[in-house]
Amino acid sequence: MDFVAVQFLTGLASACALFLVACGLSIIFGVTRIVNFAHGSFFMVGAYGAYSLSGALMPLLGGLGFWLALPLAALGVGLLGALVEVAVLRRLYRSHELFQLLATFGLVLVIKDAALITWGPQDLLGPRAPGAAGAVTVLGEQIPEYDLVLIALGPLVLAGLWLLFHRTRWGVLVRAATQDREMVGALGVDQKKLFTGVVFLGSALAGLGGAVQIPREAANLNMDLNIIAEVFAVTVVGGMGSIAGPFLAALLVAQLNAFGILILPEISIVLLFLVMAVVLVLRPQGLLGRKELAGSATHGAPESPLRPEGWTLGLIGLAVLLALAALPLVAGGYQLSVASEILIFALFAASLQFIMGVGGMISFGHAAYLGLGAYAVALSVTHWHAPMTGALALAPVAGALGALVFGWFCVRLSGVYLAMLTLAFAQIAWAVAFQWVGLTGGDNGLLGIWPAAWASAPAAFYWLTLGLVAAAVLLLRRIVFAPFGYGLRASRDSTLRAEAVGIHTRRQRWYGFTLAGAFAGLAGGLYAFAKGSVFPEVLSIPMSLDALVMVLLGGVQTLAGPLVGAAVFDGLQTWLMSETDYWRAIVGAGVVALCVAFPRGLVGNLRALQESRRDTPAVSEEGASG
Amino acid sequence: MLSVRALEVLYGRAQVLFGVGFDVPGGQVTALMGRNGAGKSTTLKALMGLVPPASGEIRLDGRRVDGWPPYRIARAGLGYVAEDRRIFPDMTVAENLEVGRRAPADGRAPWTVAEVERLFPNLADLRDRRAGQTSGGEQQMLAVARTLMGNPRLLLLDEPSEGLAPVIVQQMAAAVRALKAGGVTVLLSEQNLRFAGSVADRAVVLEKGAVRFDGAMAALADDPALRHTYLAL
Ligand SMILES: Nc1ncnc2c1ncn2[C@@H]1O[C@H](COP(=O)(O)OP(=O)(O)OP(=O)(O)O)[C@@H](O)[C@H]1O
Ligand SMILES: [Mg+2]
């Protein structure tokens, strides 16, 4: 019994950071309608910042230095957030949500590499909190005093925020902007300043969440994405745009973790799933969220419809295929292995394009299914000595199964909620692969996954890859123009109308999601054999980002796009990696720049250009600025 | 006080206003009339900067304000009440008024909560009610009161009588007349000739995005042919 009480208090203490970060995310989203994927990065910078500041201040001020370091770190992170708002977010408020998400996704990479440069790769454990370093005895059990500080901090911040939003003019304006920001502008409020202020506040909360963690958890470079997955789960459960919702949900999730860990470390993740499942089924907008905010995606201009290729294009495709098949005649081993990798990524990107372009679902965690396929191959080869063909056949099954389970949740949501959930699932899959060392080897990965003798020569493996990828891509195209594909597009364009003609849209989207998972899984299986090893990175967020960038480079609505995008991106990345260690930051910065420079996407801007050429007088399509 | 010249507005590639031009003299009530879809709301939104004009000029006291963001136009003295009211439903009536509050640019005495409640007595009992839970008429009054809290010199009212019970329409008309008496210039869009006729000094009639009549309200009210052609009455 006493033990249960102690565990309960530990859960409450852990909820504090989760609440601070989630509530910051929720506040920023409420006003700007942007889900800031870099919010976990602000949390991480808060922890590192508090580490450095307390290291600098404590020799001067003693214990006071530590307690000063925490709010100062929060302040610094708030300023960083304000800077990001002015430099990046502000330019995206009118963009399609895909670009908003993608830009903040790019920021994650930039901030991670910046942290690596500033603080180095090693974990940094902060000092114990002066004045709260001991333990108190509660019901006969020892509880760290610092945990009690954290338990008090959550409700205090909640109360402070409530006062801010209900008792100050600034807070009232923020709440008004959450409901109708355009009208707030028409009433004479300068939205720019208001938005910068809100992002400052939300970022500072994330920074505070990171800062208060340092006596409990070493600052490290994985903090950003680890917390963001949990935070997304918390905000989906609690409801975006609300403050009390994340508080409730953080308590719930932290308690699940505290008690789940006692039973089986992996079970806490399952419990999280169950809570999410129940909430999403009963209240898709979250416990305290508002319906309209959970609503549909902001669709851009209607896309020109996909058409089946005519026979000329078919001929071109055939010619390209033949040329690719002839590549081993001229290319050497290294070029062939690069070419195989590009083909594999082309399939991966094509499977993502299928759910994004055809299904209208934005996935920020597609690497989960690539990784499941890769791990299915690696596990069956290393643990059960499966032959190559058998292992490879397992890969799409594993991807499909994962997508079947995750997809069941995901297809209930749309727009940013969907994106958040897909990312959360991918990060959970990553965490399992990273932590379940006994099965997956953890960070050391699984090695020695070589193709069978008949496929071990670079040319043979290349031909095998080409054959499978070509067959899979052709199959995907068949599906797009089969009744199933039309149904999926109908579900994307208008749920109501699709339901009216008898399409079960949610099931349609679920099957589409699963199918994409199968193709990604196949790509993952090939990837494992191509590399000879599998590491948790294959499931990681940057891998999901790669796929998104490939799809965007090639165009979301063109079927050949992912293939071109994969070739361009993979080629570029291979070159960058050979030039610098910080290539992720460069990729991230490139993504941010692309999103800011082309707020309607490369394709949208091209189309706008064409249209403005066609009839010059058509001027501004954009809404008023402000 | 306000002059509009050759105003053109496009939604995407569809043109809605074709060279609209008219003047709003200070101290008077001007009614912008026209059938459904004539472009009345679009004109008011363009004046407020909520939709960007593709071309044309909007001058407030001789100063060009087209292309400005809405908050600057509001600070220059324009107040806007939307057709669909756009109150903040999750906030109380008092908080809605607070969002609108802004000191007047010149030295005039500012509107206070007590004064707007005197203008719309119904609001006095509702201060702590969530705005979303008030009636349509109360929301319309709140929307006007909220904009008045910003001390506009020129008030844009988009169909203030739409969908309201006759008693409330009469209260709105009384309020408009009181505003005029208090020195506020009003430009209101209206389909209801009876309401417009009871408050407006001048009328501008729009049809298919162009001005078809611009003159005294009495002239429009006395001309059945004109009314019939452009207002379907
Ligand atoms: N956001 C928009 N996008 C595209 N077209 C629009 C939009 N808003 C209005 N329109 C079109 O512009 C035209 C003028 O609309 P507007 O709302 O200005 O008319 P109105 O005179 O206010 O009509 P009502 O009496 O119905 O309010 C209409 O044909 C309408 O369909
Ligand atoms: Mg209208």
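Keep in mind that this is a model prediction, so the values were computed, not measured. Within every chain, numbering begins at 1; the chains are lettered A, B, ... in the order of the sequence lines, protein sequences first and strands thereafter.
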Worksheet entry | Listed partners of B/Arg153 passing salt bridge (Lys or Arg N to Asp or Glu O under 4.0 Å), at least two apart | B/Asp61
Worksheet entry | Winner by heavy-atom pair count (cut-off under 4.5 Å) against chain A, out of B/Arg146, B/Gln15, B/Lys45 | B/Arg146
Worksheet item: Do the charged groups of B/Asp158 and B/Arg85 touch, with an N to O distance under 4.0 Å?
Response: no
Discussion item. Out of B/Arg86, B/Glu98, B/Arg75, B/Glu95, return the one with the most heavy atom pairs under 4.5 angstrom to chain A.
Written reply: B/Arg86
Response to the item:
Per-residue tally against chain A (heavy atom, under 4.5 Å) across B/Met91, B/Met149, B/Arg101 peaks at B/Met91
Worksheet entry | Partners passing ring pair (Phe, Tyr, Trp, His ring centres under 6.0 Å) against A/Trp162 (at least two apart in sequence or in another chain) | A/His166
Fill in: Residues B/Arg129, B/Glu138: salt bridge by 4.0 Å N-O rule
no
